[in-house]
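Taking it in order: structure first as structure tokens, then the write-up.
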Amino acid sequence: MARSATDGRIRSVPMSSGPVVTRFAPSPTGHLHIGGARSALFCWAFAKRAELEHRARSGTPGQGGRFMIRIEDTDQARSSDESARGILEDLAWLGIEWDDGPTLEVAGADGSLRTIGAQARDVGSYFQARRVAMYNAYIEYLMSIGRAYPAFDSADELDKLRKMAVAAKQTFKYPRPADFTFGQPCTARIERAKKGEPHVVRFAMDSSAVIVRDEILGDVKIAPGEVDDFVIRKADGFPTYHFAVVIDDELMGVTHVMRAQEHLANTPRHVALQRALTRLDTKQPFRTPSFAHMPLIMNMDGSKMSKRDKAKAARKAVKDLMAKDTSVTPAALAASLQQDTQMVADFVAGENDNLDLAGLIAAKLGVTLPEIEVWDFRRNGYVPEAIINFIALLGWNPGMKLPDGKDLEKFDAAFMAEHFSVDRVGKTPAKFDRAKLQSFNGDYLNALTDQQFAAKWRAFLAEYEPEVLAKLLTRGESAFSILAAAVKPRAKTLRDGINAVRFALVADDEVAYDAKALDKLRTPDAKNAPQGGTPRTGVELLNAARERLASLGQSDWAAGTIHTLLEQLAQQLGIGIGQLAQPLRVGVTGAGVSPGIAETLAALGRSSTLSRLDRCLALVRV
RNA sequence: GGCCCCGUCGUCUAGCCUGGUCCAGGACACUACCCUUUCACGGUAGUGACAUGGGUUCGAAUCCCAUCGGGGUCACCA
């Protein structure tokens, strides 16, 4: 073991004694935040790279690097198993899979079931709520060596003290009780606690300065006395985050802690705890893992990107509506949503940020909430590959050039597993620019083959827009393929691909004709005539095209033949095919925008095309 | 407010550690043009940044200091 030859004291176990272990430790109180996804990705990539390099040296598989998931469900009131499962599913969907952690069954591409996660290292439950006995053993230990003590202050009392401190423009620090002596077990307090008096347990901070070595930020020094005696066990008997993290990271062999910068200020507490603790099993002091605090992800306006932004957006929509229409009240809204009146009223007043309610309100009012959670991006038609690539770039870049001298910025998770390193993680907070994400997503979709895209789009529609899919499929399989191919270069997301095929979703007799477009059809245009000939109207061309198309039988109705036919007709009329295409577009879609005209007509089918053209011709005569 | 972190185009960033090759490169967005049957796609070009002020140096985006600006954190949440 790690015994120094010179002083014989056991200081720390060298990291080389076991695998690199990183962890992502979400709190199961909602969906996976996009920032959490990035943290998980970086932790994953770090462990993967260590493992890859270990195997390249012919090491034992699994001994080079491991990525672990731990569920931090010590907040009894807010945690749920459902949320934990949702977070695991989001990670799996992104392709971020864990070596150790709760198990999750996922269906592979071929439909077969596969399990992610395993109890591979015998480190106990990956759910903190099931590890309470262990935390208590360490808390007893700390109390026995005079590094922790029960405290009996009520929440109200502390609140009062805090408010006084704020009023006096001072920072509140919990005053260490006079009857506690650092390093001496406070038997009187321990006795009181044993008798069942409600209490929390506080850690007695030592008075030395704490230096946090951060792989990204460098050394961060915190002066002695900056951190007060913080709570390590709540009145409900559960450990606080700070305590559970330190115990579990040690017991689970975590070597590298990578998390968002918002945790930087907590780190001195963790380091202080590590310095005070000794393992109960091996009697070895706790190790301090390597820390790396990643830059935060911000909104475009510079505020922190938070789940609450969704609640804010929904609340604003309600308030805007209430300002315009006085009949709208929280009570009326609650009734129409079939939700509790008080809850809705509180939500509108800003008393709670219920995200489910925010979603209901947004759907009701037809407003789009900002995408914050992985789940939001997923149902809005982003693909995991694009999300991974984009969030990787929020704070990290490979620092490589393409042969043409441009920066390499398109890559996949496997590339990250091979090249990720902490020293290329930036320090500056990044604003989340959805326009760039959309561009990445569109590029990814466009790079797919038509077949691949069609399959992806179909799966997306089946899951999130089944009615749209059903309508599209009524036109037949081949029509769906044609439409999917037409959508591919036009879609930034799988969802907005729907916009490109709106024309195929309306019934033939419900096509809305744009008044200006109809006017244009009625107006003679010199471009519609052969060189020097008399100007023709769009209607004339439409009639000619309609007649010619009608001559095409059902079995010949395909993009290729339609294109040839229109080309021939245009030639006979002495005009370009474009002059023919525009009136036809208006005729079948109601406006002048659609995919290629031959594809559009082919996807619509013979009977829809002809009946729409007839309806348009009838309208235009009026 | 205390403590801590950060500061290159509108945005993500390369360059910074190891000053000169940087009147600062790429990507997204934007603008123009080309391609084209509309919309897209694709192609070409353009607009656009070293926060400010002092040092150090022959020379600073790069090193030092100050100012200003942004952010995080100060719970029996994690």
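Everything numeric in this text was worked out from a predicted model, so none of it was measured.
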Quiz item: Any donor-acceptor pair under 3.5 Å linking the side chain of A:R259 with the backbone of A:S39?
Solution: no
Would you indicate what [X] reaches in the nucleic acid, counting non-hydrogen atoms under 4.0 angstrom: base, sugar-phosphate, or nothing?
{"X": "A:G395", "answer": "sugar-phosphate"}
{"X": "A:I597", "answer": "base"}
{"X": "A:A430", "answer": "sugar-phosphate"}
{"X": "A:H242", "answer": "base"}
{"X": "A:R233", "answer": "nothing"}
{"X": "A:T74", "answer": "sugar-phosphate"}
{"X": "A:A581", "answer": "base"}
{"X": "A:L296", "answer": "sugar-phosphate"}
{"X": "A:P595", "answer": "base"}
{"X": "A:N266", "answer": "base"}
{"X": "A:T428", "answer": "sugar-phosphate"}
{"X": "A:K410", "answer": "nothing"}

Has [X] got a side-chain N or O lying under 4.0 Å from the OP1 or OP2 atom of [N]?
{"X": "A:R585", "N": "B:C39", "answer": "no"}
{"X": "A:R202", "N": "B:C76", "answer": "yes"}
{"X": "A:R424", "N": "B:G15", "answer": "yes"}
{"X": "A:R259", "N": "B:G72", "answer": "no"}
{"X": "A:K492", "N": "B:A40", "answer": "no"}
{"X": "A:N446", "N": "B:C41", "answer": "no"}

Exercise. Pick out which of A:F411, A:F432, A:Y382 makes a ring pair (Phe, Tyr, Trp, His ring centres under 6.0 Å) with A:F390.
Key: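 That would be A:F432.
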Between [options], which nucleotide gets closest to the side-chain atoms of [X]?
{"X": "A:I577", "options": "B:U37, B:U38, B:G26", "value": "B:U37"}
{"X": "A:Q582", "options": "B:U38, B:U73, B:C76", "value": "B:U38"}
{"X": "A:L217", "options": "B:U73, B:C6, B:U38", "value": "B:C6"}
{"X": "A:Q261", "options": "B:A78, B:U38, B:C5", "value": "B:C5"}
{"X": "A:T240", "options": "B:G2, B:A75, B:A78", "value": "B:A78"}

Self-check item: A:Y241 ring center near A:H270 ring center (under 6.0 Å)
Solution: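 Ring centres of A:H270 and A:Y241 closer than 6.0 Å.
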Self-check item: Centroid separation A:Y174 to A:F230 less than 6.0 Å
Solution: no
Quiz prompt | d(CG, A:D219; P, B:C3) in whole Å | solution =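 These atoms are roughly 19 Å apart.
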Practice problem: Provide the closest heavy-atom pair for A:G237 versus A:V132 in the form atom of the first, atom of the second, distance. | Solution: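 Closest approach of A:G237 to A:V132: O-CG1, 3.9 Å.
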Inter-nucleotide [atom1] distance ([N], [M]), Å rounded:
{"N": "B:C64", "M": "B:G19", "atom1": "P", "value": "12 Å"}
{"N": "B:U56", "M": "B:A49", "atom1": "P", "value": "29 Å"}
{"N": "B:A45", "M": "B:U8", "atom1": "C1'", "value": "24 Å"}
{"N": "B:G20", "M": "B:G15", "atom1": "P", "value": "13 Å"}
{"N": "B:C9", "M": "B:A29", "atom1": "C1'", "value": "12 Å"}
{"N": "B:C34", "M": "B:A24", "atom1": "P", "value": "29 Å"}
{"N": "B:A61", "M": "B:U67", "atom1": "P", "value": "23 Å"}

Quiz item: Quick one: the side chain of A:K436 and the base of B:A29, do they pair up donor-acceptor inside 3.5 Å?
Solution: no
